[in-house]
Number of protein chains: 2
Amino acid sequence: MTDPHPAPPLRAPRDGTRGVPDATVARLPVYLRVLTGLGERGVTTVSSEELALAAGVGSATLRKDLSHLGSYGVRGVGYDVGHLVQHVGRCLGLAEEWRVVIVGIGSLGHALANYGGFAPLGTRVVALVDSDPSVVGEQVAGLEVQPAERIVRLVSELGVRIAVLAVPAASAQAACDAVVAAGITSVLSFAPVELQVPAGVELRRVDLSTELGILAFRERRRAAADGEEPVVVLPETLVAAGVGGRGARGVHAEVAR
Amino acid sequence: MTDPHPAPPLRAPRDGTRGVPDATVARLPVYLRVLTGLGERGVTTVSSEELALAAGVGSATLRKDLSHLGSYGVRGVGYDVGHLVQHVGRCLGLAEEWRVVIVGIGSLGHALANYGGFAPLGTRVVALVDSDPSVVGEQVAGLEVQPAERIVRLVSELGVRIAVLAVPAASAQAACDAVVAAGITSVLSFAPVELQVPAGVELRRVDLSTELGILAFRERRRAAADGEEPVVVLPETLVAAGVGGRGARGVHAEVAR
DNA sequence: ATGTGTGAACAAATTCACAGCG
DNA sequence: CGCTGTGAATTTGTTCACACAT
């Protein structure tokens with residue numbers, strides 16, 4: 001699948017999004033956001049240096065990323081903000097509207113439904129569903145909560161392609177199976193469990209506790225590097241989970257090797 | 001990852017967390033979650049194959065990750081679930097309690113405050129703050145919302161180290177500056193803007209629209225590969241953002257094939 | 001001049017494949 | 001044997017440095 005050499009003589013690869021690396025794709029939304037912000041503030045031209053700074057990446061990375069989309073910069077000048085917004089936007093699929101259903105209208109589902117930030121990236125929440133009959137019928141963010149079985153019709157009639165799962169961990173796999181069975185091909189889950197999906201279905205997870213766990217790891221590393229003695233508190237929940245180690249202060253970790 | 005210089009004599013933490021790659025750190029919380037799940041279901045031993053499957057990674061990756069922590073597996077047998085939970089947990093800092101403040105108690109802040117999933121990863125929400133006086137004093141998830149200025153004291157007196165920003169995009173940078181000035185060293189932001197933080201402060205972003213943007217990109221790529229004609233709708237928001245191609249009707253996406 | 005676009009060098013992460021241990 | 005742990009090979013991503021277009 002890797003044809004390393006012959007590229008240069010060839011023009012833009014078909015529609016411009018063929019071999020874009022995953023790492024680049026993950027940064028495109030960031031670039032787009034920064035660019036639209038600049039545009040709103042009346043900026044018409046940016047250099048890779050400025051744009052990179054604002055996006056929090058290196059300028060070389062930024063230029064390489066944009067070059068993957070068949071870039072539109074002007075040598076000696078920089079990038080035209082308007083053009084670049086259009087170009088990146090089109091690559092991300094913003095000329096189309098990606099319809100989203102939110103599954104599970106608990107407090108997180110509520111928050112997501114009311115969150116206005118999707119639209120600028122081409123996605124729109126068009127339906128809310130919940131399996132709890134006492135929630136169905138409720139009006140949230142201008143939409144009526146529908147029964148879970150309705151997903152099938154949302155996919156076939158409204159063209160919904162993306163499901164956001166905001167359900168409890170215990171029912172996440174079942175909800176995921178249900179939306180996949182209904183024909184959903186992209187899933188964004190907020191539940192703190194690993195979901196299994198069939199091949200061909202895109203799954204992304206956003207997990208608050210995972211993120212906090214990563215931050216905690218770094219805090220801990222920093223504290224250790226500082227020789228600092230952290231406050232040690234053992235909440236019962238952790239003890240119950242079997243964590244804590246002998247003596248409640250396992251500083252003498254085995255330094256194998 | 002944020003080390004511009006070619007690794008000087010780095011001071012190693014004297015425990016097992018020396019030189020653990022970022023990619024590995026990001027997976028540890030996942031392993032831990034899967035492991036505790038197995039433990040609760042009475043499983044006492046797992047092979048790298050099984051654990052990897054459940055965690056959604058390759059078995060080689062999993063073994064290499066665990067080996068970075070100075071692994072505890074038994075050749076020919078597998079890993080003892082209980083031991084591994086302890087070990088990974090300790091590496092993630094679960095023997096300590098990482099105190100968290102949530103900044104911004106809007107609908108997302110409410111949802112986060114009520115979300116119970118943190119505890120298993122060693123973090124605990126101990127305070128809520130908001131700059132809006134009409135929200136201050138409200139009782140949410142058993143905590144009273146405090147005025148924003150209180151952050152300084154939360155850091156110095158309660159030992160809060162991590163701030164979760166659930167504020168609107170427009171005030172996110174100001175809120176971020178404020179918590180950093182108060183002495184917070186780790187920030188998890190939900191606002192759809194790129195935040196600038198001084199060196200030494202860990203920043204992670206969770207951005208719903210970015211995630212959906214990535215899914216949309218893949219959906220689009222898939223659709224293009226299928227030769228499918230997507231429903232084309234141009235919401236005004238996109239037009240306003242300058243996306244959609246010159247002529248406002250650029251529906252003639254260059255469909256390859 | 002100036003700053004993009006890009007090969008080439010480098011670094012990180014993943015995967016392979018197998019030695020070695022229980 | 002079976003399965004971990006790990007060097008070596010491979011793939012993937014980042015950074016450098018400079019030719020070249022404007």
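In what follows, every chain begins at residue 1, and chains take the letters A, B, ... in the order their sequences are listed.
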So which nucleotide from dA8(C), dT4(C), dG5(D) ends up closest to the side chain of Arg75(B)?
-> dG5(D)

Kindly indicate, with the supporting measurements, whether the criterion side-chain contact (heavy atoms from CB on, under 4.5 Å) is fulfilled by Leu35(B) and Tyr79(B).
-> CA-CA 10 Å; Leu35(B) 283 166; Tyr79(B) 299 91; over 6 Å; no

Ser48(B) vs dT4(D): side-chain N/O to OP1/OP2 distance below 4.0 Å | yes

For Gly73(A), answer base if it contacts any base atom (sugar-phosphate contacts may also be present), sugar-phosphate if it contacts only those atoms, and nothing otherwise; contact means non-hydrogen atoms under 4.0 Å.
-> sugar-phosphate

Compare side-chain N and O positions of Tyr72(B) against OP1 and OP2 of dC3(D) and report whether any pair is under 4.0 Å apart.
-> no

Overall bend of the helix from dA1(C)-dT22(D) to dG22(C)-dC1(D) (five pairs an end, 10° steps) is 10°

His68(A) NE2 to dT14(D) P: how many Å, rounded?
-> 10 Å

Between Thr210(B) and Arg33(A): side-chain donor-acceptor atoms closer than 3.5 Å = yes

So what does Gly58(A) touch, heavy atoms closer than 4.0 Å: a base, only the sugar-phosphate, or nothing?
-> nothing

Name of the residue among Val197(B), Val164(B), Ile162(B) meeting side chain to side chain contact (heavy atoms under 4.5 Å, CB included) with Ser186(B) = Ile162(B)

Nearest listed nucleotide, side chain of Arg63(A), among dC18(D), dA17(C), dT15(C) | dC18(D)

Taking the side chain of Tyr79(A) as heavy atoms from C-beta outward, which of dG5(D), dT4(C), dT15(C) is closest to it?
-> dT4(C)

Using atom types as modelled and distance alone, determine if a side-chain donor or acceptor of His87(B) lies under 3.5 Å from a backbone N or O of Leu69(B).
-> yes

Could you check how far NE2 of His87(B) sits from P of dG5(D), rounded to whole Å?
-> 10 Å

The single option from Arg222(B), Arg218(B), Arg221(B) that satisfies salt bridge (Lys or Arg N to Asp or Glu O under 4.0 Å) with Glu202(A) is Arg218(B)

Closest nucleotide among dT6(D), dT6(C), dT4(D) to the Ser67(B) side chain | dT6(D)

